[in-house]
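This report concerns only the one structure given below.
Everything quoted here is computed from the prediction, not taken from an experiment.
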Amino acid sequence: MTKDKRRNKRKDKQRVKEPLAIEYNEEQEFNRRRNNSKPKKSNIWVTVGKGLIIVLLLAILGGVVYFVKGLMDTNDFLNKSYTPRASKSVENDKIDVQKDPISVLILGLDDNSERELGSARTDSMLLLTINPTEELVTMTSIPRDTYTQIESKEFVGKDKINSAFAYGGIDSTIDAVENLLNVPINYYATADFRAFNNIVDALGGVEIDVPFTLTEQNSKGEKVVELKEGKHVLNGEEALAFSRTRYIDNDIERGKRQQQVLEAIAQKAMDVGTIAKYKSILEALDGHIKTDMPSNKILSVAQSGLTKDYKFDSYAFSWVGFDYAPFGEPISMVALHQDSIDYISHRFRVSLGLDKKDKRDEPGYKYETDGVVSPETFPEDGMAVIN
């Protein structure tokens, strides 16, 4: 896709509303106390941590595939994982992933049939760009409760962005993210979090220094995982319980634990002996990952990752929580600050070569929000109660 085409892709959908400055008033305060609402803490570390788990799984997949690409079971795995979009862009066929920047939307799906959820839910949303020339990966986690426009055959209107997948699958999800951020998306990848357990077990466990005694339910809620303080080699269920527990401290520390587990998985995956376990690794990921990136491009991305020294730039949205009850019980949702949308969109478009750099790209620049909420992510009917 040419820069001009991508730059002008959504000119007809540019925002025409002015950003909304939300102020607390006596009526909102009364409603907040009446509903006993408590300010929501940011779970950005939790969401980014989950997203990074998926990135790690894809990196392991790419590395393993790169080393064993001639084997039949690897080809079968890639063929089963390949799930093209109905609205696939022909421009993707022209992309050289070793030279051209690309964008990838990565979704973590809570799609465990044993939990009888009824439909897949987007548990985390991570958008990243890979710029091989700059050797830079730019990424952000999109709050899954963001109130935004969704369009599908079954539903047209505003809802949480994570509901787009239930309404219209990957196409509606990509459309919602593109419209929210004004960033074109080339590829997608989805994974359910059972893959996390499986990959740790396939690697033979990971060594973790557990700083506290932990009692936590397993991923199915059927039995208790117990860990004592000290160094342990954790299996998949134990590593997941350690990284996800929320009763010991707070979300920030929870994010640090997830990073600790990720690093342990990465170190184990890079061991020379791990390549011998490629079949177990492929079996662990089999059926848990889907992507519209063709196998030859996966191999090219893997090769690029092995031969280049990529840096990572991570960005977090600034947002405010609110309760919204248009049809009964109040639902917790998120409104994004307009300047954080503009800033993150700009950084991603610069990475893709769609925007020119400005003062926001200068060394030492520090983004600070002005607190003005985007009207695209906040209801206008007066029924929302700020937390």
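Under the side chain to side chain contact (heavy atoms under 4.5 Å, CB included) criterion, Lys99 pairs with Asp96, not counting sequence neighbours. Glu229 pairs by the side chain to side chain contact (heavy atoms under 4.5 Å, CB included) definition with Thr213, not counting sequence neighbours. Legend: residues meeting side chain to side chain donor-acceptor pair (under 3.5 Å) with Ser351, ordered by chain and number and at least two apart, are Thr129. Among residues two or more places apart in sequence or in another chain, the salt bridge (Lys or Arg N to Asp or Glu O under 4.0 Å) test is passed with Lys290 by none. Scored by the ring-ring contact (aromatic ring centres under 6.0 Å, His included) test, Tyr188 finds no partners at all (sequence neighbours excluded). When the side chain to side chain donor-acceptor pair (under 3.5 Å) test is applied to Gln98, the partners found at least two apart in sequence or on another chain are Gln303. Taking His232 as the reference, Val210, Lys228, Leu234 meet the side chain to side chain contact (heavy atoms under 4.5 Å, CB included) condition, with sequence neighbours excluded. Checked against side chain to side chain donor-acceptor pair (under 3.5 Å), Asp209 has no partners two or more places apart in sequence or in another chain. Annotation: side chain to side chain contact (heavy atoms under 4.5 Å, CB included) contacts of Asp145 (sequence neighbours excluded): Lys160, Val334. Tyr187 meets the ring-ring contact (aromatic ring centres under 6.0 Å, His included) test with no other residue; sequence neighbours excluded. With sequence neighbours excluded, the residues that form a ring-ring contact (aromatic ring centres under 6.0 Å, His included) with Tyr367 are Tyr343. Residues passing the side chain to side chain donor-acceptor pair (under 3.5 Å) test with Ser345: none are found, sequence neighbours excluded.
When side chains are defined from C-beta on, Ile142 counts as touching Leu181, because their heavy atoms get closer than 4.5 Å. For the pair Thr146 and Trp319, the minimum side-chain heavy-atom distance is 4.5 Å or more. Counting heavy atoms from C-beta on, the side chains of Glu376 and Asn179 never come closer than 4.5 Å. A 4.5 Å side-chain heavy-atom check between Pro132 and Tyr310 finds at least one atom pair inside the cut-off. No side-chain heavy atom of Ser103 sits less than 4.5 Å from a side-chain heavy atom of Phe348. Between Pro379 and Phe322, the closest side-chain pair of non-hydrogen atoms falls below 4.5 Å. Within the 4.5 Å cutoff, the side chain of Gln338 has no heavy atoms near those of the Thr369 side chain. A heavy-atom distance below 4.5 Å is found between the side chains of Ile150 and Ser163.
When atom types are taken as modelled, the side chain of Glu178 and the backbone of Ile185 share a donor-acceptor pair closer than 3.5 angstrom. Side chain of Ser318 to backbone of His337: no donor-acceptor contact under 3.5 angstrom is found. Although no hydrogens or angles enter the test, the distance criterion places no donor-acceptor pair under 3.5 Å between the side chain of Asn131 and the main chain of Pro101. Side-chain N or O atoms of Ser172 include one that pairs as donor or acceptor with a backbone N or O of Glu151 at under 3.5 Å.
In this structure, Asn197 and Gly236 approach most closely via the heavy-atom pair OD1-O, 3.4 Å. Nearest heavy atom pair, residue Ile208 against residue Ala264, reads CD1-CB, 3.7 Å. Across Ile170 and Arg85, no two heavy atoms sit closer than the pair CG2-CG, 3.9 Å. When all heavy atoms of Glu237 and Asn235 are compared, the closest pair comes out as N-OD1, 3.2 Å. When all heavy atoms of Pro330 and Asp323 are compared, the pair lying nearest together is CB-CB, 4.2 Å. Of all heavy-atom pairs between Pro143 and Ser141, the closest is CD-O, 3.5 Å.
Criterion: ILVMFWY side-chain heavy atoms under 4.5 Å apart, direct or through other members. Under it, Leu127 and Val350 are not part of a common hydrophobic cluster. Clustering ILVMFWY residues whenever any of their side-chain heavy atoms sit less than 4.5 angstrom apart, transitively, puts Met383 in the very cluster that holds Ile386. The same ILVMFWY cluster, assembled from side-chain heavy atoms under 4.5 Å apart, contains both Met293 and Ile130. When hydrophobic clusters are built by joining Ile, Leu, Val, Met, Phe, Trp and Tyr residues whose side-chain heavy atoms come closer than 4.5 Å, directly or via intermediates, Ile161 is not grouped with Val156. With hydrophobic clusters built from ILVMFWY side chains whose heavy atoms lie under 4.5 angstrom apart, Leu105 shares a cluster with Tyr315.
Atoms CZ and CG, from Arg360 and Asp342 in turn, are 7.0 Å apart once rounded to the nearest 0.5 Å. In this structure, CG on Asp339 lies 11.5 Å from CZ on Phe317, to the nearest 0.5 angstrom. Considering CG of Leu336 and CG of Leu180, their distance stands at 6.0 Å, rounded to 0.5 Å. Residue Leu107 holds its CG atom at 10.5 Å from OG1 of Thr291, rounded to the nearest 0.5 Å. Here the NE2 atom belonging to His346 is positioned 3.5 Å from the CG atom belonging to Asp361, to the nearest 0.5 angstrom. Rounded to the nearest 0.5 Å, atoms OG (Ser332) and OH (Tyr147) are 14.5 Å apart.
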Can you list the steps and then say if Lys311 with Glu134 is a salt bridge (charged side-chain N to carboxylate O under 4.0 Å, His left out)? CA-CA 9 Å; Lys311 303 179 295 294; Glu134 300 290 335; over 6 Å; no
Full working for side-chain contact (heavy atoms from CB on, under 4.5 Å) between Arg347 and Thr140: CA-CA 10 Å; Arg347 295 298 297 140; Thr140 188; over 6 Å; no
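Using modelled atom types and a 3.5 Å distance limit, the side chains of Asp358 and Tyr365 yield no donor-acceptor pair. Looking only at atom types and distance, the side chain of Thr138 has no donor-acceptor partner in the side chain of Asp313 under 3.5 Å away.
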